[in-house]
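I have placed the structure first, in the form of structure tokens, so that the comments after it can refer back to it.
Hydrogens, waters and symmetry mates are skipped; everything else that's a heavy atom, side chains included, is used. Read the numbers this way: they start at 1 and go in the same order the structure lists the ligands and their atoms.
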Amino acid sequence: MHLMTSNELRTVVVPAAGLGTRFLPATKTVPKELLPVVDTPGIELIAKEAAQAGAERLAIITAPKKQGIMAHFRTDAELEATLEARGKEDQLAKVRATDGLIDVAAIEQPEPLGLGHAIGLAESHLAEDEECFAVMLPDDLVLPYGIMETMLEVRQRYGGSVLCAVEVPEEDVSKYGVFDIAADSDDPQVKKVNGMVEKPDLEDAPSNFAATGRYLLDRQVFEALTRTKPGKGGEIQITDAIELMISEGHPVHIVVHQGKRHDLGNPGGYIRACVDMALEDETYGESLKQWLEQRLGE
Ligand code: UTP
């Protein structure tokens with residue numbers, strides 16, 4: 001049956017309507033998706049990743065107070081004219097980097113009722129024949145790019161839905177959605193999932209394979225979401241909808257990411273991401289490295 005599964009990725013849903021409470025006070029006025037990693041906001045990094053995975057458009061779930069996110073993708077003719085007049089070619093190229101990259105549409109989530117609720121809002125924005133879609137969380141940096149391409153291959157092979165996982169230290173499992181892995185999963189990279197639990201207590205965690213912010217979902221998830229009651233934190237959790245689908249026989253696999261992963265949603269993870277990316281940066285890398293060595297030696 002899975003050979004019939006359409007494997008074309010057209011839409012990437014980007015939930016960006018959360019309150020960002022772990023990043024207050026900055027997020028009182030600045031959406032966390034606009035905080036720069038070196039000089040580029042998380043939302044632009046996601047647009048690049050989605051375009052590279054072959055998607056045609058981003059469906060960004062936004063909140064009424066987070067209008068700046070969509071503004072980031074709009075042309076600012078005045079700024080461009082000024083940069084041009086001043087001969088600032090490099091900056092002009094940066095400002096224009098999102099032009100023609102990918103189509104961007106906004107879907108408003110009036111209230112932050114949870115990640116599952118946010119994803120559910122995308123249903124009416126998919127074409128009728130889109131059998132799957134991706135979700136990419138802009139506060140999760142999964143490097144190098146390319147995990148979604150592997151996830152698409154896995155859906156081609158097994159059908160159903162495919163998620164990205166990383167192995168986390170045991171003491172961290174209660175921060176994540178955690179996978180219950182099939183016992184016969186001996187492929188180190190692709191594993192069948194028997195179940196999924198949102199933020200379990202350490203003693204209840206079925207493994208230390210944790211969900212990262214990359215999902216390739218069959219559109220059946222929308223129907224499962226309509227039957228998903230508020231869970232942890234009173235929010236509608238995507239984890240609970242996926243668990244429901246698994247319990248009804250929907251195939252779910254994980255691709256275990258072997259590269260880097262940074263959580264941009266809290267200051268600690270965000271600072272690491274900035275340092276990591278800056279160390280690779282042509283302009284800032286060398287002097288940052290020298291300064292860090294000196295600073296750590298103090
Ligand atoms: P998080 O839980 O990481 O984001 O949700 P948050 O709620 O903004 O952060 P804290 O916990 O208050 O610090 C994961 C992703 O889902 C989006 C968030 O914007 C983030 O990208 N989200 C979450 C929504 O779009 N809507 C929601 O109702 C909840």
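- For Phe23, no nitrogen or oxygen atom sits less than 3.5 Å from a nitrogen or oxygen atom of ligand 1, counting backbone and side chain alike.
- Considering backbone and side-chain atoms together, Leu19 places an N or O closer than 3.5 Å to an N or O of ligand 1.
- Applying the 4.0 Å criterion to heavy atoms of Gly114 picks out, from ligand 1, the atoms 26 (N), 27 (C), 28 (O), 29 (C).
- Using modelled atom types and a 3.5 Å distance limit, the side chains of Asp218 and His250 yield no donor-acceptor pair.
- In this structure, the side chain of Arg155 engages the main chain of Gly160 through a donor-acceptor pair within 3.5 Å.
- Using a 4.0 angstrom heavy-atom cutoff, Glu111 does not count as in contact with ligand 1.
- Listed for the Lys66 side chain is a donor-acceptor partner under 3.5 Å among the backbone atoms of Gly18.
- Each of Arg219, Gln220, Arg227 was compared with Glu223 under the side-chain hydrogen bond (donor to acceptor under 3.5 Å, both in side chains) criterion, and only Arg227 meets it.
- Of the N or O atoms in Pro138, none lie within a sub-3.5 Å distance of an N or O in ligand 1.
- Between the side chain of Lys232 and the main chain of Glu198, a donor-acceptor pair closer than 3.5 Å is present.
- Ligand 1 has no atom lying under 4.0 Å from any heavy atom of Glu235.
- Within 6.0 Å of CD on Glu170 lie no more than 12 heavy atoms contributed by other residues, nucleotides or ligands.
- Side-chain contact between Thr283 and Val38: absent, with no pair of heavy atoms (C-beta onward) separated by less than 4.5 Å.
- Each of the following atoms of ligand 1 lies closer than 4.0 Å to a heavy atom of Leu113: 28 (O).
- Among protein heavy atoms, the minimum distance from atom 26 (N) of ligand 1 is reached at Gln109 OE1, 2.7 Å.
- Near Glu33, meaning under 4.0 Å from any of its heavy atoms, are these atoms of ligand 1: 19 (O).
- Using a 4.0 angstrom heavy-atom cutoff, His117 does not count as in contact with ligand 1.
- Considering backbone and side-chain atoms alike, Asp139 places an N or O below 3.5 Å from some N or O of ligand 1.
- The contact set between ligand 1 and Ala118, taken as ligand atoms under 4.0 Å from a residue heavy atom, comprises 24 (C), 25 (O), 26 (N).
- Note: an N/O pair closer than 3.5 Å links Gly20 and ligand 1 by distance alone.
- When hydrogens are left out, the protein atom nearest atom 16 (O) of ligand 1 is Leu115 CD1, 3.5 Å; that is the closest non-hydrogen contact.
- Here Trp291 contributes atom CH2 and Glu286 contributes atom CD; the two are 15.0 Å apart, rounded to the nearest 0.5 Å.
- Using modelled atom types, no side-chain atom of Glu33 and backbone atom of Gly42 make a donor-acceptor pair closer than 3.5 Å.
- Between Glu80 and Val95, some side-chain heavy-atom pair lies under the 4.5 Å cut-off.
- Counting protein heavy atoms only, atom 24 (C) of ligand 1 is closest to Gly18 N, 3.5 Å.
- For atom 25 (O) of ligand 1, the candidate residues are Pro31, Gly213, Ala17, Gly233; the nearest heavy-atom contact is made by Ala17.
- Atoms of ligand 1 found under 4.0 Å from any heavy atom of Pro112 (numbered from 1 in listed order, with element): 28 (O).
- Residues Lys229 and Asp240 come closest through the heavy atom pair O-OD2, 4.4 Å.
- For atom 6 (P) of ligand 1, the closest non-hydrogen atom on the protein side is Lys32 NZ, 3.5 Å.
- Using a 4.0 Å cut-off between heavy atoms, Pro15 contacts ligand 1 through both its backbone and its side chain.
- Ring planes of His253 and Tyr158: parallel class, angle under 30° (limits at 30 and 60°).
- No part of Asn266 comes within 4.0 Å of ligand 1, judged by heavy-atom distances.
- Here the heavy atom of the protein found nearest to atom 1 (P) of ligand 1 is Arg22 NH2, 3.8 Å.
- Judged purely by atom type and a 3.5 angstrom limit, Tyr145 has no side-chain atom pairing as donor or acceptor with the backbone of Ala53.
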